[in-house]
Amino acid sequence: MNLLHGESLAVSRQGRPILTAVDISLNRGEMLGLIGPNGAGKSTLLRLLAGVIEADEGRLSLEDKPIGAITRHERARRIAYLPQLSEIAWPMSVERLVALGRVPHLDPWQHPSPRDRAIIERVIVQTDLQPFRQRAFNTLSGGEQARVALARALVTEPDILLADEPVSALDPAHQLDVMTLLSEHCQSGQSVIVVLHDLSLAAHYCHRLQLLHQGGTLAVGNAEAVLTPENLEMAYAIAMNQTPEETQSPFRLPWRRLS
Amino acid sequence: MQAKAIALLLILLTAPAAAAGPPQRVVSVNLCTDQLLLMLADPRQVASVSYLSRERQSSFVAEQAAGYPLNHARTEEVIGHRPDLVLAAPYTNPRLLATLEKLGFVIEKLPLGYTLEGIIKDIRRLAARLGQTQRGEVLIEQMHHRLQHNDAPTGLLSPKALFYQPRGYTSGANTLQNEALRLAGWRNPAAEQGVEGYVAVDLEQVILWQPDTLFTSTYKDRSISLAERQLEHPALKRLLAGIPMLEIPYKYWICPGPMLVEAVALLRKAREERDAR
Amino acid sequence: MISAITQSRLILALGLSIAFTALLSLLTGSQAIPLLQALHQSFNGGPGIYGLILTELRLPRTLVALLAGASLGLGGALMQSLLRNPLASPGLIGSASGAALGAVITLYFGLAGMFTLALPIGGIAGALLATLTVYLLAGRDAGILTLILAGVAVNAFALALVSLLLNLAPSPYAVQEIALWMLGSLANVSRNELWILLPGTLAGWLMVWRQGRTLDLLTFGEETAASMGVDLHRLRWRLFLAVALIVGSAVSVTGAIGFIGLVVPHLLRPLVGHQPSRLLIPSAMGGGLLLLTADIVVRLLPAQGEIKVGVVTSLIGAPFFLWLILQRKRDMS
């Protein structure tokens with residue numbers, strides 16, 4: 001049984017198709033990478049899975065249960081969404097922003113339990129936010145802000161974490177940090193769908209890749225099967241270096257965090 | 001001497017009016033002079049009265065005014081009637097009067113008194129000006145007759161009454177309302193506390209004066225506004241212990257004239273009813 | 001660093017200030033009255049004039065100031081949190097002028113004479129209509145400038161209609177009451193006004209009960225909030241309606257009093273660590289406190305006839321507003 005399963009998902013805006021008959025499936029403990037050129041429909045697919053927008057056509061189910069049969073609140077507890085830009089309206093402290101990630105688990109007037117607080121603490125440590133916990137969000141650097149946004153989503157302890165380009169604003173070291181956090185999330189049986197532009201990171205961290213092109217799926221499977229020269233040429237209109245030997249110019253790929 | 005000067009002026013400016021004898025084409029531009037004019041003049045002497053003279057709530061002589069041409073105190077209108085006398089009030093638009101004067105029209109500004117004596121003076125003055133001395137004396141005699149029998153004295157024991165209008169306006173000393181209250185045997189705490197003329201007072205002040213009753217007048221049919229809602233303030237209702245405010249028709253005391261005695265009669269009746277309780 | 005004090009302390013401090021100011025308000029009037037005697041008369045229900053002044057004039061005025069001020073402060077905090085815009089407030093996004101228009105229509109043309117609640121219902125409907133118009137004009141994720149421009153247009157239109165209608169109203173006094181609706185005043189309010197104010201105010205307060213966390217989630221933007229379980233459509237309607245209820249009721253009684261909804265949430269926001277849910281109760285208390293204080297100032301100022309309380313709040317609020325704009329300009333550059 002798939003954790004999340006979508007069939008023939010289609011979305012159009014003002015008569016223009018954005019997604020056309022996309023199938024998607026996600027297993028427990030799996031990290032699925034969504035790749036594809038700008039405008040391929042990756043973000044739209046993610047927002048659709050997050051419940052932010054609705055599909056015009058197609059079926060979407062969570063553990064074989066149609067998504068429509070799941071309440072808004074249960075869905076919020078089980079699926080967390082991390083948008084591309086972390087917009088924060090008010091300069092609240094890091095600690096309070098992260099804590100809000102527990103809200104889907106609380107009744108309107110209920111205070112966080114010791115267990116909730118323990119989870120918040122653990123995530124703050126995991127995301128390396130301790131030094132900033134009292135700082136206002138707007139005083140943080142871009143990388144720190146991205147970690148706060150990720151921490152907020154992790155605190156929800158979702159079965160599925162949907163992350164839209166979580167590393168695009170980060171330096172290589174922090175990119176590796178975030179990708180490591182996402183893979184750790186998968187090790188406890190939870191799953192991640194992540195939109196990435198960096199194909200090397202995608203190949204390195206994701207169990208499976210799904211390549212979107214013009215609103216449809218061009219290829220899906222492991223990195224070898226998806227990142228073929230033919231697929232990449234069709235999707236991105238580029239030729240790829242696959243090994244350092246192929247070129248004379250320096251070729252550097254961040255691979256592992258040192259400390 | 002004065003008459004001679006005026007006559008000279010008229011000839012010099014070739015003004016339209018004839019110089020000698022009582023005026024034959026009188027135009028009044030103010031509600032208060034309208035009313036005295038209509039009571040004193042021979043109908044043939046009246047050329048025009050102001051439009052307000054026909055408003056039933058404001059004018060005591062609305063029916064009599066029905067037959068005359070109306071004006072809105074505009075220069076062209078007044079000139080159009082070719083008056084040999086223009087009647088005005090002390091507060092009539094000075095620009096209008098200055099223009100008329102420049103053109104050589106004769107203007108009579110009645111002082112419009114706010115006491116019984118002042119009213120009598122106004123009547124005598126206008127009657128004389130119109131050549132109707134006899135009618136004036138009759139009018140004055142009728143007034144005295146209605147007032148004289150029960151001229152209640154005002155003492156410290158007299159009940160207190162306040163004239164109270166929308167937006168919290170009251171009449172202190174030197175007002176017709178104060179005079180009517182006095183003639184009817186009511187004390188007016190506003191006048192006693194040094195309030196002069198027609199001014200707004202705040203509710204706390206009204207309550208501290210502890211009037212036994214409030215009289216009011218509406219110059220149009222009751223309508224809805226915050227100003228008028230103020231008259232229904234619960235504090236006033238409790239102050240008067242549920243006795244409703246008495247409404248005196250506006251036309252009785254907005255202008256000086258014999259109609260003031262009608263207001264006095266109503267106020268006296270209210271006082272007698274109060275004494276009976 | 002954020003200098004946040006605990007919320008309970010802030011609420012306690014505001015509560016004590018309100019108690020003190022309310023007492024001061026009961027002692028303030030155009031006339032000096034002996035307080036002990038007034039209290040004695042009030043509690044014994046006797047017909048004394050001092051008791052009358054205390055219970056029928058100063059007490060209702062104090063309560064109306066607190067309630068109306070609280071509604072404006074809370075309305076500001078709610079709109080700012082909902083639209084994620086620090087300049088959104090009942091005065092700027094049309095609620096207040098729309099409410100004045102609705103109240104004027106019902107009051108001067110006889111509807112309010114038919115049943116007591118017609119007046120606040122008019123105010124509430126006007127507030128809702130004006131707010132929705134601004135919202136639709138500006139669009140969902142409107143920037144500050146767009147929102148303010150839409151607000152300016154709707155405010156101007158509503159106030160022009162207020163003027164026109166007061167000129168056309170049958171009452172000869174109506175025209176002189178324009179200033180009252182545009183600036184707001186608490187002069188001569190009685191317990192009747194309290195009953196006009198209360199139903200809508202309580203209903204509105206109940207509607208936003210427990211909405212704080214939802215507003216917190218909106219901090220992350222509408223889409224993230226939706227993914228966290230917020231029903232945006234329902235939330236928007238609920239808050240627009242609640243703000244219309246409280247602001248419409250308040251304005252029906254006091255006229256459009258400016259700037260309280262803008263200034264109060266702003267001053268208090270840093271004290272609660274900028275968290276929307278923690279801002280609501282303090283904003284309501286702060287709004288009540290500010291309006292009551294302004295109304296005491298109005299009663300103490302020596303003037304021929306009473307100065308409108310909106311003059312005082314605007315004299316405080318308008319420079320503050322300018323300062324805010326300059327502040328934002330500096331932040332952007």
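Reckoned from all heavy atoms, side chains included, excluding hydrogens, waters and symmetry mates. Each chain gets a letter, A, B and so on, in the order the sequences are listed, and its residues count up from 1.
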| query | Checking C:E177 side chain against B:S225 main chain: does a donor-acceptor pair fall under 3.5 Å? | reply | no
Structural part of [X] lying under 4.5 Å from a heavy atom of chain B:
| X | value |
| --- | --- |
| C:V189 | backbone |
| C:L166 | neither |
| C:L54 | neither |

Does atom [atom1] of [X] have more than 12 heavy-atom neighbours from other groups under 6.0 Å away?
| X | atom1 | result |
| --- | --- | --- |
| B:E63 | CD | no |
| C:F157 | CZ | no |
| B:Y198 | OH | yes |
| B:Y252 | OH | yes |

| said: Quick one, B:H233 with C:R191, criterion side chain to side chain contact (heavy atoms under 4.5 Å, CB included). Give me CA distance, side-chain angles, the key distance, then yes/no. | reply: CA-CA 9 Å; B:H233 198 289; C:R191 57 193 152 95; over 6 Å; no
Decide yes or no for [X] and [Y]: does some side-chain heavy atom of the first lie under 4.5 Å from some side-chain heavy atom of the second?
| X | Y | answer |
| --- | --- | --- |
| C:Y173 | B:L226 | no |
| B:D202 | C:S30 | yes |
| B:R229 | C:L107 | yes |
| B:R238 | C:T55 | yes |

| request: Could you walk me through whether B:L208 and C:Y50 pass side chain to side chain contact (heavy atoms under 4.5 Å, CB included), step by step? | output: CA-CA 8 Å; B:L208 285 185; C:Y50 298 129; 3.6 Å; yes
| Interface moiety of B:Q230 toward chain C, non-hydrogen atoms closer than 4.5 Å | side chain
| message | I need the B:L203 CG to C:I53 CD1 distance, nearest 0.5 Å. | response | 9.0 Å
| field | Interatomic distance, B:L239 atom CG to C:L52 atom CG [nearest 0.5 angstrom] | value | 6.0 Å
| Is a salt bridge present between C:R58 and B:E204, judged by a nitrogen-to-oxygen distance below 4.0 Å? | yes
| Nearest non-hydrogen partners of C:G110 and B:I224, listed with the distance | CA-CD1, 3.4 Å
